[in-house]
Amino acid sequence: MLGKQNNRTANNSPLAGRAEFAPTGVELAMLKDKALFSRLEAIRLIEIAKVGHYTSAFSAAELFASLYYGVMRLKPGEPNWAERDRFMMGKGHAAVGLFPILADLGFFPTEVLDGYTRLGNPLGDHPDMRKVPGIDFSSGSIGHALSAGCGMALAGRILGKDFHTFVMIGDGELQEGQVWEAALFGAHNRLNRLIGIIDRNGYQLDGAVDDIITVEPIVDKWRSFGWETHVVDGHDIGAVTTLLRSLKADTARDRPVMVVAETVKGRGVSYMEAEPGWHLGYLDPVDAKRAIAEIKAMEIRG
Amino acid sequence: MNRPLSEKSWQYRQLNAQTPGLDALSDALLELVQAGEPVVAGTADLQYSNGLAKFARECPERFVQFGISEQNMVSAAAGMAAVGLKPYVATFASFLALLCCEQIRMDVAYSALPVRLIGHHAGISLGFYGTSHHATEDLAIARSIAGLTVVAPADGAQLASVIAASADYAEPIYIRTQRGRDPVVYQAGKPFVFGKAIKHLGGKDLVIIACGSTVHPALQAAKALNAKGHSVGLLDMATVKPIDSDAILEAATNARMVLTVEEHNVLGGLGGAVAEVIAGEGLPVKLRRHGIHDEYSLIAPPTHLYAHYKLDSAGIEEIAAGLLA
């Protein structure tokens, strides 16, 4: 039924991370700027809602910016374009960092952002594919996204399309059993155009992921499940972009990929990085000002 | 050891040959494939129980085996639908509606994707396999999920008509079926209309409203009572949601009493749906809901259970006669 595995092992992608896929200096500056923009906009939108997931969006800001400005095949004017790359996230609560990017790209008017979470606005805490152009799949209940991504990747194969499906999942999400059903299914069906990204920020609502129910060893788990697995600094947007582009270009791969993006929850705001309680919260405008200043200084801080 | 097995011996993979009714699902899906529909069929390690083994054999490139991973199956089906396929995924109704309830709500119904969820061996039709394999809650669960159409075909021919009609139906559908051994109610090829009840008999004393497995025995019961001089009608409410309110109102206006019969808990299923319509209109008609009365079924072969719970023709006749007395 299925072809025999070729002799590539789970981690010897010949193209992964090669310099030819690296963004140029100009691109890199643009990408960093967009990650910064995602964070600043998340603060602005959460000011409207008066509560939100700052830190979950901050840990993923470079991942969002890399995917949408540097990796994915998209036509913002045509959100349902059949050939587009797909993106979905199990950690749907990070959507506040993605909505500004979709608006910036032109998927919907930027004014829509100004009504974030207000009655009748399409943008809520979690993304809704029926309401928001550019959202490829709805989410909010953790654990479903990798399965939906498997379905999309399989459908792409059945329909003879060559798009890639990117699925971002949280590290805490790995505690959901359905993720491992999808892990088996994706590997069994050799869904080679499926690229998972774990936002390994180390925290979930009740504390540190590995204090609650450890998900380590993450890399060994995915490799043993038959996924080509890579680890990258999730805030090094140059490295993230280089890796994701090289993975897309690798047409000889015979299996799905999982990228473990090592990130910091709340990245960019010192007191959020230090306090896991910021998974959910609200910044008074006085404090938001300081957070904005810190984020703007990120480039200097490194 | 070379002695051939007795003809009475059989193993699981021979189930389909023994139960020709199980071909209905595969045959209907294969017709859609031949008509050029982007259909895929999937199951969670039950291809012989639901007869999809035939589809898998004849159309392997459109068959997806999910293994014992029902939740992954439902979410992945939604993903496939989001890319333009029409997935039909099947497993026991107990696992589909109860284990995968949230995947159905979030990924299929809330996302408004044209996934067809086939919950087979519904009700207590798995007999002595017990409560884990019974589904007397699935209609109530499916009915309460916004955007989900709920149908319960009475036999293989009606299932085939539902599948044929589903090709052009934009909404997600929960299809509740039995175990491929239904007595014949319908002729093949009768077009199915979602949301439209099928009136078999009009009645002035009593109208029985049934769906799925109870249509055939209810029809037998109605005919028997009519032969004894009563006027008993029968409506097949094959679409439980959206329910055909007009048909209920007509029946409840013309008859003194309404009896709903379902292989399901009397709470929240067909009886509940009919009660909502009758109460909503304030109709002065007596309603009796018959089915499983908010309890877990005993263990027994299915036909024994139907007799025990008065869901066979004799039992339904007895319940109806009690109302008519």
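Below, chains carry the letters A, B, ... as their sequence lines are ordered, and counting in each starts from 1.
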To the closest 0.5 Å, what do you measure between [atom1] ([X]) and [atom2] ([Y])?
X	Y	atom1	atom2	value
A:Phe166	A:Ile195	CZ	CD1	4.0 Å
B:Ile118	B:Leu46	CD1	CG	12.5 Å
A:Trp222	A:Met258	CH2	CE	3.5 Å

Tell me which one of A:Ile197, A:Val71, A:Leu63, A:Leu67 satisfies side chain to side chain contact (heavy atoms under 4.5 Å, CB included) with A:Val240.
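Of all the options given, the one that passes is A:Leu63.
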Under the side-chain contact (heavy atoms from CB on, under 4.5 Å) test, residues paired with A:Ala155 that sit two or more places apart:
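Checked A:Ala155 against side-chain contact (heavy atoms from CB on, under 4.5 Å); matches are B:Met80, B:Val83, B:Leu85.
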Under a 4.5 Å cut-off applied to non-hydrogen side-chain atoms, are B:Cys59 and B:Leu30 in contact?
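Yes, their side chains come closer than 4.5 Å.
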Compare all side-chain heavy atoms of A:Leu194 with those of A:Trp227 and state whether any distance is below 4.5 angstrom.
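Yes, their side chains come closer than 4.5 Å.
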For A:Thr229, does its backbone N or O pair with a side-chain atom of A:Arg223 as donor and acceptor, under 3.5 Å?
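Yes: the side chain of A:Arg223 pairs with the backbone of A:Thr229.
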Under 3.5 Å: donor-acceptor pair, side chain of A:Arg255, backbone of A:Glu228:
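Not confirmed, A:Arg255 side chain does not pair with A:Glu228 backbone.
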Is the count of non-hydrogen atoms from other residues, nucleotides or ligands lying under 6.0 Å from B:Ile68 atom CD1 greater than 12?
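Incorrect, the count does not exceed 12.
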A:Tyr68: which residues meet the ring pair (Phe, Tyr, Trp, His ring centres under 6.0 Å) condition with it, sequence neighbours left out?
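Ring pair (Phe, Tyr, Trp, His ring centres under 6.0 Å) list for A:Tyr68, sorted by chain: A:Phe87.
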Checking A:Ala182 against chain B: side chain, backbone, both or neither under 4.5 Å from a heavy atom?
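Both parts, heavy atoms under 4.5 Å.
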What parts of residues 98-109 of chain A touch chain B if we use heavy atoms and a cut-off under 4.5 Å?
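Answer by number: none.
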Interchain contact, B:Val40 with chain A, by part (heavy-atom threshold 4.5 Å)
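Contact with chain A involves the side chain of B:Val40 alone.
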Interchain contact, B:Ala112 with chain A, by part (heavy-atom threshold 4.5 Å):
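Looking at B:Ala112, backbone and side chain both touch chain A.
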Atom pairs (donor, acceptor) spanning chain A and chain B, under 3.5 Å:
{"from": "A:Asp128", "atom 1": "OD2", "to": "B:Tyr110", "atom 2": "OH", "distance (Å)": "2.8"}
{"from": "A:Arg130", "atom 1": "NE", "to": "B:Ser111", "atom 2": "O", "distance (Å)": "2.7"}
{"from": "A:Arg130", "atom 1": "NH2", "to": "B:Ser111", "atom 2": "O", "distance (Å)": "3.1"}
{"from": "A:Arg130", "atom 1": "NH2", "to": "B:Ala112", "atom 2": "O", "distance (Å)": "3.3"}
{"from": "A:Ser141", "atom 1": "OG", "to": "B:Glu102", "atom 2": "OE1", "distance (Å)": "2.9"}
{"from": "A:Ser141", "atom 1": "OG", "to": "B:Glu102", "atom 2": "OE2", "distance (Å)": "2.5"}
{"from": "A:His144", "atom 1": "ND1", "to": "B:Asp107", "atom 2": "OD1", "distance (Å)": "3.1"}
{"from": "A:His144", "atom 1": "ND1", "to": "B:Asp107", "atom 2": "OD2", "distance (Å)": "2.8"}
{"from": "A:His144", "atom 1": "NE2", "to": "B:Glu102", "atom 2": "OE1", "distance (Å)": "2.8"}
{"from": "A:Ser147", "atom 1": "OG", "to": "B:Asn72", "atom 2": "OD1", "distance (Å)": "2.5"}
{"from": "A:Gln178", "atom 1": "OE1", "to": "B:Gln103", "atom 2": "NE2", "distance (Å)": "2.7"}
{"from": "A:Gln178", "atom 1": "NE2", "to": "B:Gln71", "atom 2": "O", "distance (Å)": "3.2"}
{"from": "A:Gln178", "atom 1": "NE2", "to": "B:Ser75", "atom 2": "OG", "distance (Å)": "2.8"}
{"from": "A:Glu181", "atom 1": "OE1", "to": "B:Asn72", "atom 2": "N", "distance (Å)": "2.9"}

